[in-house]
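Here is the structure we will look at, set down as structure tokens.
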2 protein chains.
Amino acid sequence: MDKFLDSFFSYLEDIQNLSNPSKEKLSNLCSRVRLNKNERLQEIGRTCKTIYFVEEGAARIFYYKDGIEITEYFAFEKDLIIRAESLFYNQPSKKGITCMEDTNFIAIPSQPLFELFNQHHDLERLFRKLIQNAYVETVRRIEMIQFHTAEERYLSLLQNNPQVIQKVPLKFIASYLGITQVSLSRIRSTLA
Amino acid sequence: MDKFLDSFFSYLEDIQNLSNPSKEKLSNLCSRVRLNKNERLQEIGRTCKTIYFVEEGAARIFYYKDGIEITEYFAFEKDLIIRAESLFYNQPSKKGITCMEDTNFIAIPSQPLFELFNQHHDLERLFRKLIQNAYVETVRRIEMIQFHTAEERYLSLLQNNPQVIQKVPLKFIASYLGITQVSLSRIRSTLA
DNA sequence: ACTTTCTTTTTACAAATGTTAAATAATTAA
DNA sequence: TTAATTATTTAACATTTGTAAAAAGAAAGT
């Protein structure tokens with residue numbers, strides 16, 4: 001197995017133990033993608049056929065609503081980054097993926113991965129757990145947005161994800177929280 | 001296999017084909033719970049150890065924020081209803097499940113189910129797909145709430161889930177959309 | 001049918017957030 | 001370093017949504 005994937009695999013094995021053959025097969029599917037800040041990993045309109053993890057750096061998923069760019073998701077080191085609705089239903093995605101800084105991704109093509117599941121039960125289990133975790137995180141996010149004021153959402157992000165506030169331009173954070181830049185700026189000034 | 005589960009199993013098999021032994025084992029885990037309108041399937045504070053499907057009727061997941069009841073999720077016929085953060089992380093849930101009308105649930109205890117996964121790969125695959133679908137639905141919901149006005153959210157629900165508007169009291173719909181009853185009422189009056 | 005309870009709408013007002021535009025501040029490139 | 005670009009804050013005002021209370025309407029129980 002390639003040396004360069006060691007740390008990635010030890011992260012995966014914390015979630016689900018893998019047999020040696022499974023690791024071997026999976027690592028054969030992994031490749032690395034290196035992009036510079038502001039480069040796009042996936043364009044809007046393409047169907048998502050690859051599962052990515054951020055190895056190092058920071059990326060985000062975005063889309064446009066009425067011509068305004070909205071950030072849907074942030075991904076940092078170790079984070080899974082997929083456009084689920086496109087990957088699972090094989091539809092062109094309305095969303096794109098772009099880098100907020102120079103970023104290394106680990107890329108796994110979904111079709112061959114799904115085929116591995118037939119022979120390697122442990123890989124499917126790993127993947128199930130990854131999706132489970134993503135699901136729980138998304139439910140939490142609904143809770144956070146559903147009935148909280150702009151200020152509460154900002155404070156909650158500050159508390160639960162301080163790295164976002166440090167690393168990410170405020171304009172991206174604002175739309176992630178579902179508020180305008182101006183509103184976010186106002187909130188920050190009353191807190192300071 | 002029990003006759004009474006026929007329609008439920010044909011629904012499951014549309015998602016993932018199951019071997020006969022798998023069906024047999026799974027059906028042995030299934031039981032039925034019948035509740036009347038307004039009865040609680042799960043109380044707030046209990047750890048979720050059961051996976052439910054609505055066989056017939058209508059239920060919802062709710063929680064309290066500052067003493068106000070908020071509806072997080074609606075479930076109708078065939079819908080999976082779980083409190084994911086509790087089920088997957090084994091923590092007491094801040095949420096409860098209650099019936100909006102007389103409802104039959106199919107109940108599957110999670111621990112025995114997860115153990116079946118070791119011998120029955122197809123059951124784990126079925127479950128993975130169910131979670132995948134729930135995940136996509138939740139991502140869509142974030143999109144719907146994140147940057148849409150109260151009116152847009154209501155119209156979107158009207159279009160994508162007309163049965164909700166017909167079956168569910170408006171007070172529950174309001175908090176589901178992240179707005180107040182008064183606001184929802186106002187919106188409806190301007191549309192009419 | 002009548003009463004009680006629960007749900008929905010309406011009103012009036014307050015607070016929060018959006019919009020537009022301009023002013024600062026910070027970053028990047030020449 | 002300066003100029004150009006990009007990001008953030010501030011201001012003024014418009015709009016949306018929330019709050020509290022009352023009124024109207026619908027459903028349930030006797």
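Within every chain, numbering begins at 1; the chains are lettered A, B, ... in the order of the sequence lines, protein sequences first and strands thereafter. Excluded from the calculations below are hydrogen atoms, water molecules and symmetry mates; all remaining heavy atoms, backbone and side chain alike, are included.
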Angle by which the axis turns from one end of the helix from C:dA1-D:dT30 to C:dA30-D:dT1 to the other, five pairs per end, to 10 degrees: 50°
Results of ring-ring contact (aromatic ring centres under 6.0 Å, His included) for A:Phe53 - residues two or more places apart only: A:Phe8
No-hydrogen, no-angle side-chain donor-acceptor test under 3.5 Å, A:Ser7 and A:Ser10: no
Distance-only polar pair, side chains of B:Asp6 and B:Tyr11, donor-acceptor under 3.5 Å: no
Hydrophobic cluster of A:Ile44, others only, ordered by chain and residue number, side-chain cut-off 4.5 Å: A:Phe62, A:Tyr64
B:Leu155 side chain reached by B:Leu191 side chain, heavy atoms, under 4.5 Å: yes
Nearest-Å distance for atom pair CG/P, residues B:Asn38 and D:dA27: 15 Å
Counterpart residues, ring-ring contact (aromatic ring centres under 6.0 Å, His included), relative to B:Phe74 (two or more places apart): B:Tyr176
Interatomic distance, B:Ile179 CD1 vs C:dA16 C1' [rounded to whole Å]: 15 Å
Base versus backbone protein contacts along nucleotides 5-14 of chain C [heavy-atom cut-off under 4.0 Å; B, S, -]: --SBBBBB--
Atom-pair distance (NZ on A:Lys167; P on D:dA7), nearest Å: 18 Å
Pairs meeting criterion ring-ring contact (aromatic ring centres under 6.0 Å, His included) with involvement of residues 117-159 of chain A, two or more places apart: A:Phe114-A:Phe117, A:Phe114-A:Phe127, A:Phe117-A:Phe127, A:His121-B:His121
Single hit among B:Lys23, B:Arg125, B:Lys129 for salt bridge (charged side-chain N to carboxylate O under 4.0 Å, His left out) with B:Glu13: B:Lys23
Partner residues of B:Lys37 under the side chain to side chain donor-acceptor pair (under 3.5 Å) criterion, sequence neighbours left out: none
For A:Thr47, side chain to side chain contact (heavy atoms under 4.5 Å, CB included) partners two or more places apart: A:Lys49, A:Ser86, A:Asn90, A:Pro92
Rounded distance (Å) that lies between atom P of D:dT8 and atom CG of A:Leu177: 13 Å
When the side chains of residues 177-187 of chain B are checked against the rest of the protein, which donor-acceptor pairs come out under 3.5 Å, sequence neighbours left out?
| residue | atom | partner | partner atom | Å |
| --- | --- | --- | --- | --- |
| B:Thr180 | OG1 | B:Ser183 | N | 3.2 |

C:dT17 OP1/OP2 closer than 4.0 Å to side-chain N/O of A:Thr180: no
Sole candidate of B:Arg83, B:Lys95, B:Lys65 that passes salt bridge (charged side-chain N to carboxylate O under 4.0 Å, His left out) when paired with B:Glu72: B:Lys95
Co-members of B:Tyr52 in a cluster of I, L, V, M, F, W and Y side chains, linked at under 4.5 Å: B:Val33, B:Leu35, B:Leu41, B:Val54, B:Ile61, B:Tyr73, B:Ile81, B:Ile97, B:Phe105
Atom-to-atom span, CD1 of A:Ile165 to P of D:dT8 - whole angstrom: 11 Å
Protein proximity profile, nucleotides 24-30 of chain C - base contact B, sugar-phosphate-only contact S, no contact -, cut-off 4.0 Å on heavy atoms: ----S--
Residues within residues 147-159 of chain B bordering DNA chain C, heavy-atom distance below 4.0 Å: none
